[in-house]
Amino acid sequence: MTKRILSCMQPTNRLQLGNYLGALKNWVKLQDEAKDGVSNQCLYGAVDLHAITNGHDPAALANATRETAAAYIAAGVDPSRSYIFAQSHVPQHAQLNWLLSSMTQMGKLERMTQFKDKAGKNAERASLGLFAYPVLMAADILLYKATHVPVGEDQKQHLELTRDIASVFNEKYANGEEYFPLPEPYIMGTATRVMSLRDGTQKMSKSAESDMSRINLTDDADMIAKKFKKAKTDQGNVPASDAEGEGRPEAMNLIGIYAALSDTDMQVVMNEFGGQQFSALKTALSDLAVAKLSPITTRMNELMGDVAEIDAILKAGAEKAQELTQPTLDDVYRMMGFLRG
Ligand code: TYM
């Protein structure tokens with residue numbers, strides 16, 4: 001069976017190391033994975049409609065969307081094999097969103113921890129879009145009948161809701177048949193939750209206030225070295241085992257990042273650096289991060305130097321995505337009983 005892989009990122013601010021290690025790196029792996037001559041069909045979106053749900057800068061949105069696509073390509077997503085598209089260029093997303101919204105109970109959305117985190121104490125002032133965000137995400141996935149969704153750990157709850165919405169739809173409108181496959185989250189590798197460099201209990205995030213808390217894909221070598229050097233650690237030495245790393249989130253985060261960047265597991269890194277001072281690990285980590293990320297940054301900058309080319313890639317991606325999704329949307333309208341011409 002060909003797997004249909006779909007995943008997306010919000011074009012808000014710059015992409016950071018967590019986006020790369022938790023998601024993008026795995027997207028490329030899945031694209032390149034061909035077993036018995038059967039390759040995966042991969043679809044990767046820049047979800048600009050999601051990016052406006054929590055306040056946004058209209059002057060920056062279009063370029064952030066381009067930059068997201070440029071990051072995909074620079075990291076190895078190949079537009080001739082995978083679809084790369086902007087969500088707002090494929091109006092079927094917003095249409096399916098409405099149909100799914102009408103059958104999704106608000107109580108289920110109230111349980112979403114990401115809404116609680118993002119809305120904070122001011123939930124009354126949060127936008128309806130931020131609250132309904134997971135339904136649009138379900139539409140993104142189900143519209144393509146995706147079977148696998150490679151994401152970081154923070155998206156797991158949204159994936160569970162997507163599966164729930166798919167089952168409710170199948171039950172209600174498809175006589176219990178599996179019209180929408182229940183998509184599997186693919187949470188791959190050792191960096192499924194990269195933490196902030198300033199606080200090991202917080203996720204690394206492109207929207208966190210302090211730029212020192214994250215490595216951006218656009219940071220240069222000096223900046224990367226500076227950020228790792230200043231990264232918070234503790235009084236001890238580098239742990240040599242999980243037991244020694246217990247309750248030391250900052251230490252384990254650096255080890256996890258090193259392991260993910262070098263495609264190995266954390267114990268291998270602990271065997272190498274365990275018992276040494278953190279400065280040794282930090283220096284090696286900076287060198288490794290620069291070696292892995294600088295070709296991506298360079299390529300991204302080159303691509304951003306020719307926005308017409310990126311726009312053409314996004315246009316072609318959206319055309320293919322529309323061809324793929326319109327029949328699904330037509331089915332759904334029909335199954336829900338709409339009058340169709
Ligand atoms: P977004 O834009 O916040 O993040 C994009 C991807 O990066 C992963 N990620 C991380 N992984 C590990 N450690 C981190 N610190 C870290 N920060 C981010 C996220 O898990 C994600 O995989 N709701 C989604 C976007 C979305 C989507 C979709 C994803 C919309 N529709 C359909 C998959 C399928 C989001 O906000 O991701």
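Whatever order the structure lists them in is the order used to number ligands and atoms, beginning at 1. The model shown is predicted, which means the values in this text are computed figures rather than measured ones.
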### Met195 to ligand 1, any heavy atom closer than 4.0 Å
no
### Task
Kindly confirm or rule out an N or O of Gln114 lying under 3.5 angstrom from an N or O of ligand 1.
no
### Task
Consider only side-chain N and O atoms of Tyr186 and Lys3, and report whether a donor and an acceptor are under 3.5 Å apart.
yes
### Query
Heavy atom under 4.0 Å from ligand 1: found in Met9's side chain, backbone, both, or neither?
both
### Query
Would Glu67 and Tyr72 count as having a side-chain donor-acceptor pair, cut-off 3.5 Å?
no
### Message
If I apply the N/O under 3.5 Å rule, does Leu6 come out as touching ligand 1?
### Response
no
### Task
Could you check atom 4 (O) of ligand 1 against the protein and tell me its nearest heavy-atom contact, residue, atom and distance included?
Asn19 ND2, 3.3 Å
### Query
Counting from 1, what ligand 1 atoms have a heavy atom of Arg193 closer than 4.0 Å?
12 (C), 13 (N)
### Query
Near Gln276 CD, under 6.0 Å, is it more than 12 heavy atoms from other residues, nucleotides or ligands?
yes
### Task
Using distance alone, with no hydrogens and no angle criterion, decide if Arg299 and Asn301 have a side-chain donor and acceptor under 3.5 Å apart.
no
### Query
Which atoms of ligand 1 sit under 4.0 Å from any heavy atom of Gly22?
11 (N), 12 (C)
### Message
Here's one to test your reading of the geometry: is the NZ or CZ of Lys320 within 45 degrees of the ring axis of Tyr83 and under 6.0 Å from its centre?
### Response
yes
### Task
Write out the residue and atom name of the closest protein heavy atom to atom 37 (O) of ligand 1, then the distance separating them to 0.1 Å.
Gln155 NE2, 3.8 Å
### Query
Can you tell me if Ser207 and Ser205 form a side-chain donor-acceptor pair at under 3.5 Å?
yes
## Note on the structure
For Gln10, the ligand 1 atoms with a heavy-atom partner under 4.0 Å come out as 2 (O), 35 (C), 36 (O)
### Query
Among all protein non-hydrogen atoms, which one is nearest to atom 11 (N) of ligand 1, and what is the separation to 0.1 Å?
Gly18 O, 3.2 Å
### Task
Identify the protein heavy atom lying closest to atom 1 (P) of ligand 1, giving its residue, its atom name and the separation to 0.1 Å.
Lys206 NZ, 3.9 Å
### Message
Side chains of Glu33 and Ser39: any donor to acceptor distance under 3.5 Å?
### Response
no
### Query
Below 6.0 angstrom between ring centroids: does that apply to Phe115 and His158?
no
### Message
If you take the nearest heavy atom of each of Glu153, Met137, Met204, which one is closest to atom 28 (C) of ligand 1?
### Response
Met137
### Query
Run the ring-ring contact (aromatic ring centres under 6.0 Å, His included) check on Phe273 and Tyr258 step by step: do they pass?
CA-CA 11 Å; Phe273 293 98; Tyr258 193 102; 5.3 Å; yes
#### Entry: Side-chain donor-acceptor pair present, Gln31, Ser82, cut-off under 3.5 Å
yes
### Message
With no hydrogens and no angle check, just 3.5 Å: does a side-chain donor-acceptor pair link Ser196 and Gln202?
### Response
no
### Message
Which residue and atom name correspond to the protein heavy atom nearest atom 31 (N) of ligand 1, and how close is it?
### Response
Asp140 OD2, 2.6 Å
### Message
For atom 13 (N) of ligand 1, what's the nearest protein heavy-atom neighbour? Residue, atom name and distance, please.
### Response
Val194 N, 2.8 Å
### Task
May I ask whether Gln16 has any heavy atom positioned less than 4.0 angstrom from an atom of ligand 1?
yes
#### Entry: ligand 1 atoms in contact with Ile141 (distance to a heavy atom under 4.0 Å)
32 (C), 34 (C)
### Query
For ligand 1, is there an N or O atom under 3.5 Å from any N or O atom of Lys203?
no
### Message
I'd like to check whether Val149 has a polar contact with ligand 1, where a contact means an N/O of the residue lying under 3.5 Å from an N/O of the ligand.
### Response
no
### Query
Which one holds for Val47 and ligand 1: side chain close, backbone close, both close, or neither close, with close meaning a heavy atom under 4.0 Å?
side chain
### Query
Mind checking whether Ala191 has an N or O less than 3.5 Å away from an N or O of ligand 1?
no
### Message
Counting non-hydrogen protein atoms only, what is the nearest one to atom 20 (O) of ligand 1? Give residue, atom name and distance.
### Response
Asp154 OD1, 2.4 Å
### Query
Going by distance only, is there an N or O of Ser7 that falls short of 3.5 Å from an N or O of ligand 1?
no
#### Entry: Leu99 side chain near Phe169 side chain, heavy-atom distance below 4.5 Å
no
### Under-4.0 Å heavy-atom contact with ligand 1, by part of Cys8 that carries it
both
### Message
Which option wins on minimum heavy-atom distance to atom 22 (O) of ligand 1: Ser196, Gly152, Gly256?
### Response
Gly152
### Task
Taking atom CZ of Arg125 as the centre, report whether more than 12 heavy atoms of other residues, nucleotides or ligands fall under 6.0 Å from it.
no
### Query
If you measure only the distance, is there a donor-acceptor pair under 3.5 Å linking the side chains of Gln114 and Gln157?
no
## Note on the structure
Ala23 heavy atoms within 4.0 Å reach ligand 1 at atoms 6 (C), 7 (O), 22 (O)
### Task
Distance to 0.1 Å, residue and atom name: give those for the protein heavy atom nearest to atom 23 (N) of ligand 1.
Tyr133 OH, 2.6 Å
### Query
Charged N to carboxylate O under 4.0 angstrom, Arg66 versus Asp311?
yes
